[in-house]
Structure formats: structure tokens, C-alpha cells
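See below for the structure under consideration.
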Amino acid sequence: MRILYAASEAQPVAASGGLADVAGSLPKALAEEGHEAAVVLPLYVNTIAQKWREQMTYVTNFYVPVGWRSQYCGLFTANINGVTYYFLDNEYYFKRDYGLYGYYDDAERYAFFSRAVLEMLTVIDFKPQVINSNDWQCALIPVYYHMFYEHHHKLWGIKHVFTIHNIQYQGRYGMELLEQVLGIPRHFASLMEYDRDINFMKAAIEVADKVTTVSPTYAREIFDPWFSHGLDRALKDKAYKTCGFLNGIDTDMYNPQTDPVIPANFSASRRSGKKVCKEKLLEEVGLPQGDEPVLGMISRLVEHKGFDLVKYVFDDIINLGFKVIILGSGEPQYEQFFNEMRWRYPDKVAFTCGYVPDLAKRIYAGADMFLMPSKSEPCGLAQMISLRYGTIPIVRSTGGLADSIIDCGNENGTGYTFQSYNAHDMLGAINRAKDHYWDKKEWNKLIVRAMKADFSWSQSAKLYIGLYRELCPED
Ligand code: GLC
């Protein structure tokens with residue numbers, strides 16, 4: 001099949017979160033299954049490394065309607081990991097000084113990008129059968145298609161899958177943007193409107209042929225107001241076209257047997273390297289050596305990742321005999337808290353504020369357990385990466401965490417889970433993990449089971465293909 005995967009970020013060229021991992025690895029898996037999968041991204045001038053920029057070749061340029069204006073768009077292409085990437089260039093929108101998002105004109109930047117993706121298809125030779133658009137930044141692709149392109153002779157018959165990676169970020173803006181900025185005629189106002197605002201995600205949910213999310217459990221959860229951030233009413237009668245497939249991870253990128261940035265390589269059958277990784281990790285973060293269990297956390301430090309729970313029982317975790325290594329940045333209250341804990345427990349706590357990808361891998365490899373007590377977690381990748389590096393996840397059973405981690409209360413368990421969003425339930429799971437840890441024989445068996453769990457893309461890629469085929473049965 002021919003698929004165009006539209007995203008606002010993709011590994012390895014531009015990344016800020018889990019979406020980039022998926023956009024970097026799912027199309028690669030589709031290509032490996034013999035399909036023609038292309039990726040389209042904004043050409044973020046200051047973010048994309050020179051190494052990738054040098055591989056791009058110029059294809060053509062065209063103009064894109066944005067409200068009443070017409071904006072230049074350059075088209076570049078490159079082959080990355082066997083997948084064709086298209087990059088849409090406009091320095092006014094995508095040459096920015098810091099980060100990918102968070103600018104006053106994000107609505108306009110991604111409206112431009114979305115419309116440019118469709119304009120691109122009017123000038124190049126590639127006609128996808130399906131466009132899979134991701135998150136609010138690309139939500140206007142199916143919407144603009146529905147409004148302006150479905151009768152275009154080169155775009156006729158394209159089907160649209162819209163994937164929600166996190167329903168919290170919906171692309172909500174004032175109604176005044178409708179005509180001038182987004183170029184959407186008044187008579188489409190009701191399609192765009194939700195709770196008196198423009199809502200990109202709601203419009204995509206309306207018009208897409210299929211709506212997917214990144215785990216089966218999250219696909220159910222988003223119909224519940226506790227998880228939906230207001231969108232459950234928009235989804236209410238769309239259950240017939242909504243489903244969830246669990247993400248995979250790039251098993252080449254996360255491979256303890258070959259990973260060049262960890263101090264020693266290891267595998268399920270030869271695990272001595274993992275011990276070396278633990279020693280070196282303690283050394284790197286400045287903690288004393290010792291056999292106590294090391295609990296790792298790598299995350300944005302925001303409330304919905306469960307940091308209020310961690311804060312509440314942090315002293316108890318230390319009293320259970322853990323060393324805790326945290327990597328991440330986010331809300332000042334949590335950054336301050338972990339700085340404080342580092343001073344209070346200099347031999348037990350290490351905190352690196354920021355995001356250091358190589359250190360992240362060394363934590364995955366060197367820790368004994370990995371804590372993810374998220375309030376909600378559409379899929380979550382860190383728990384799968386931890387398993388691959390033989391580090392046992394302790395997770396709250398929600399979204400993709402519920403779908404990927406089997407509690408050790410079961411024979412084939414791979415981690416520890418707790419149900420309600422409650423600090424002492426979390427502490428209970430941590431305590432169970434600790435007891436298991438000191439039973440070395442059983443713990444080693446658990447590590448082997450964890451490392452053998454298969455979260456490669458091959459399974460999920462087949463599910464996506466099945467869905468795409470369902471939309472285009474005659475091709
Ligand atoms: C978002 C979600 C995360 C998911 C990722 C990739 O970042 O919050 O749970 O794993 O997207 O789909």
C-alpha cells in the first residue's frame with residue numbers, strides 16, 4: 001500500500017516526545033513489510049541537524065493559501081532508514097529560536113503545514129491511498145481535504161486516518177482565527193467549533209475515516225470524561241470508527257546488545273554487562289556503589305506523569321532502601337523538589353534536570369526498576385524500553401501501561417502495577433518489587449522474561465496495514 005505519514009516531529013531528525021519515536025519507527029516498519037510509506041515533516045531550520053540537512057535534495061516549490069495570503073513552500077526530500085521523507089520549507093514559519101512548539105502563531109504554522117501537505121500532493125508523483133495524520137498539529141489535513149481537495153483530480157479518493165497520541169493537546173483557539181488565519185469559510189464554522197472555540201482535533205475526529213489512538217485501553221478511556229479533556233462528547237457517536245493499537249519501539253535503536261552509549265552490552269542470556277551498567281551509572285551520577293535497588297525515572301516533570309504521588313511518599317521510598325535516579329525537566333515545583341531531595345539524601349538521590357538522551361539510555365540499562373505512575377498514559381514508551389534493557393517497570397495500570405505490563409502476581413508477569421491513582425497503592429507496588437528484588441533467583445528469572453517481551457513494531461504495523469486495507473479494499 002501507499003501511505004503518507006504526516007507528523008510534526010520524527011526521530012531521528014526532530015524530536016520533542018513520544019510522537020517522534022512513533023513517526024520515526026512505524027513508517028520504517030511499514031516499509032519493511034513491503035509497503036510504500038513516506039513521511040512528511042516541517043523543515044525546522046534551527047532544529048534539524050546539519051547531518052540530515054546535507055542529505056536533503058531540493059524537489060520544487062509551490063504556494064500555499066493561508067487565510068487571504070499565499071505563502072511560499074519549498075519541498076525537499078531525503079531517504080532516511082529506507083523511508084522517503086518530505087520536508088516542507090518556509091523559514092517564516094519554521095525557522096525559530098527555541099523548540100518546536102509554543103509560539104504565539106502555532107495555529108497558523110500548523111495550518112500552513114497541513115495545507116502545504118495537500119498542495120504538495122498536487123505537484124508530486126506520489127499519490128498515497130491513505131494519509132495518516134497525527135495529533136492536533138496535523139489535524140487540519142483531513143479537514144482541509146474534506147473542504148477543498150476531495151474533488152481534486154490528483155487527490156481524489158484518498159482516505160484519512162487520524163491518530164491521537166495525547167488527547168490533552170487539542171489545538172484550541174479563538175473563533176476569530178477561522179477565516180483570516182485558517183482560511184476556513186464561515187459555513188464550516190460548526191465543524192470547527194467546540195465549546196465556543198476552534199478545536200482542530202474535534203474537526204479531525206468528525207471528518208477522518210478512522211480515528212486511532214496508541215493503545216487499546218486508551219481507546220476506551222478517551223470516551224470517559226476523566227481522561228478526555230472535554231472531547232468525550234465529540235467522540236460519543238464515533239466509536240464505530242475509533243480503535244487503538246499499541247505502539248512498538250525501534251528495537252535497533254534500543255538494543256542492549258549493540259547500544260554504543262551504554263558502558264557494557266548485554267542480552268537476556270548474557271547479563272553480566274547489566275551489572276557493569278549499574279556500577280557505571282552510580283559512578284556517573286555521583287552515588288556510592290552498593291547492591292541496594294536502583295529506581296530510575298525519566299520523564300517530563302509534570303503532574304499527569306504522577307509526580308504528585310512520588311512527592312507524597314518520597315521519604316518512604318528512600319526508607320525502603322532504594323537509590324533513586326531521576327532525569328527530566330518540567331514544572332518548577334518538581335524540579336525544586338528533586339533538587340531538595342538530592343541535598344537531603346546525597347547518597348541516595350541523583351537528579352539531572354533536563355533531557356540527555358545518552359544518559360537516558362544509561363539509566364534504562366543501569367537501573368533495576370523503572371517507575372511510571374502516570375495519571376493517564378496514552379501508550380508510553382519508556383516502560384517498553386526499560387523491559388528491553390532488563391529494568392523492571394513499576395506502573396499505574398492505565399492506557400498503554402495497562403496493555404504492556406503484566407503484574408508479577410501472574411506467572412508470566414513482567415513488572416509491578418497498581419490500579420488507583422493513590423500514593424500508597426504506588427508505594428505498595430514499589431514494596432512488592434523490592435521484596436522480589438532481594439530474592440535473587442526469582443529476580444533473575446523476571447529480568448529474562450522482561451528482556452524477552454516483544455515490543456517490536458512488526459505486530460502493530462500489521463494492525464495498521466489491516467486498517468488501511470479496510471479503507472481501500474478495492475486497491
Ligand atoms: C504521547 C503520549 C505517550 C505515547 C506517545 C507516542 O507522547 O503521551 O503516552 O507513548 O505519544 O504515541
Side-chain angles (χ1 to χ4, degrees), residues 5-12 14-30 39 41 99-102 132-139 161-171 201 204 211-222 226-229 231 242-251 253-254 297-307 328-330 355 357 360 364 370-388 393 395-405 421 455-457 459-461 463-464 467:
Y5 203 81
S8 53
E9 51 182 277
Q11 286 276 18
S16 82
L19 166 61
D21 285 85
V22 176
S25 50
L26 170 58
K28 191 172 132 195
L30 296 174
V39 176
L41 288 179
L100 305 180
Y101 323 119
N132 193 334
S133 306
N134 293 274
D135 274 351
W136 75 266
Q137 292 92 335
C138 293
V161 175
F162 177 62
T163 301
I164 299 172
H165 294 259
N166 193 336
I167 206 160
Q168 185 175 357
Y169 309 106
Q170 301 171 359
M201 206 175 243
V211 176
T212 71
T213 69
V214 288
S215 69
T217 297
Y218 193 61
R220 290 192 298 277
E221 288 173 342
I222 55 174
W226 205 77
F227 291 96
S228 73
H229 294 269
L231 273 186
T242 305
C243 64
F245 302 140
L246 193 67
N247 288 331
I249 53 170
D250 185 330
T251 46
M253 190 162 141
Y254 299 109
M297 288 191 87
I298 303 168
S299 174
R300 278 182 303 125
L301 304 182
V302 293
E303 195 188 311
H304 82 261
K305 293 288 182 185
F307 283 97
S329 60
Y355 185 67
Y364 286 126
F370 192 88
L371 181 60
M372 254 178 121
S374 309
K375 194 176 268 179
S376 91
E377 194 61 73
C379 177
L381 302 169
Q383 80 280 14
M384 302 183 197
I385 301 169
S386 304
L387 285 175
R388 189 142 168 84
V395 304
R396 190 170 98 80
S397 234
T398 180
L401 297 173
D403 294 333
S404 56
I405 305 300
Y421 191 69
F455 290 109
S456 64
W457 267 104
Q459 202 58 28
S460 302
L463 296 174
Y464 275 98
L467 184 80

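Read the numbers this way: they start at 1 and go in the same order the structure lists the ligands and their atoms.
Rounded to the nearest 0.5 Å, atoms CG (L301) and CZ (F307) are 5.0 Å apart. The CZ atom of F370 sits 8.0 Å away from atom CD1 of I385, with the distance rounded to the nearest 0.5 Å.
The shortest contact between atom 7 (O) of ligand 1 and any protein heavy atom is with G18 N, 3.9 Å. Scanning all protein heavy atoms for the shortest distance to atom 8 (O) of ligand 1 gives N166 ND2, 3.5 Å. H165 O, 3.4 Å is the protein heavy atom nearest to atom 1 (C) of ligand 1.
Using 4.0 Å as the threshold, G380 has a heavy atom nearer than that to some atom of ligand 1.
Ion pairing between a basic and an acidic side chain is recognised when a charged N comes within 4.0 Å of a carboxylate O; E377 and R396 show no such pairing.
Looking at D21 against ligand 1, nothing comes within 4.0 Å, counting heavy atoms.
Every N/O-N/O distance between V22 and ligand 1 stays at or above 3.5 Å. Annotation: V214 places no N or O atom under 3.5 Å from an N or O atom of ligand 1; distance criterion only.
Below 30°, between 30° and 60°, or above 60°: for W457 and Y464 the angle between ring planes is between 30° and 60°, a tilted geometry.
The option from K305, H304, E377 that lies nearest to atom 3 (C) of ligand 1, judged by heavy atoms, is E377.
Counted by atom type alone, T398 and S376 present zero donor-acceptor pairs between their side chains at under 3.5 Å. There is no side-chain donor-acceptor pair under 3.5 Å between Y218 and D403.
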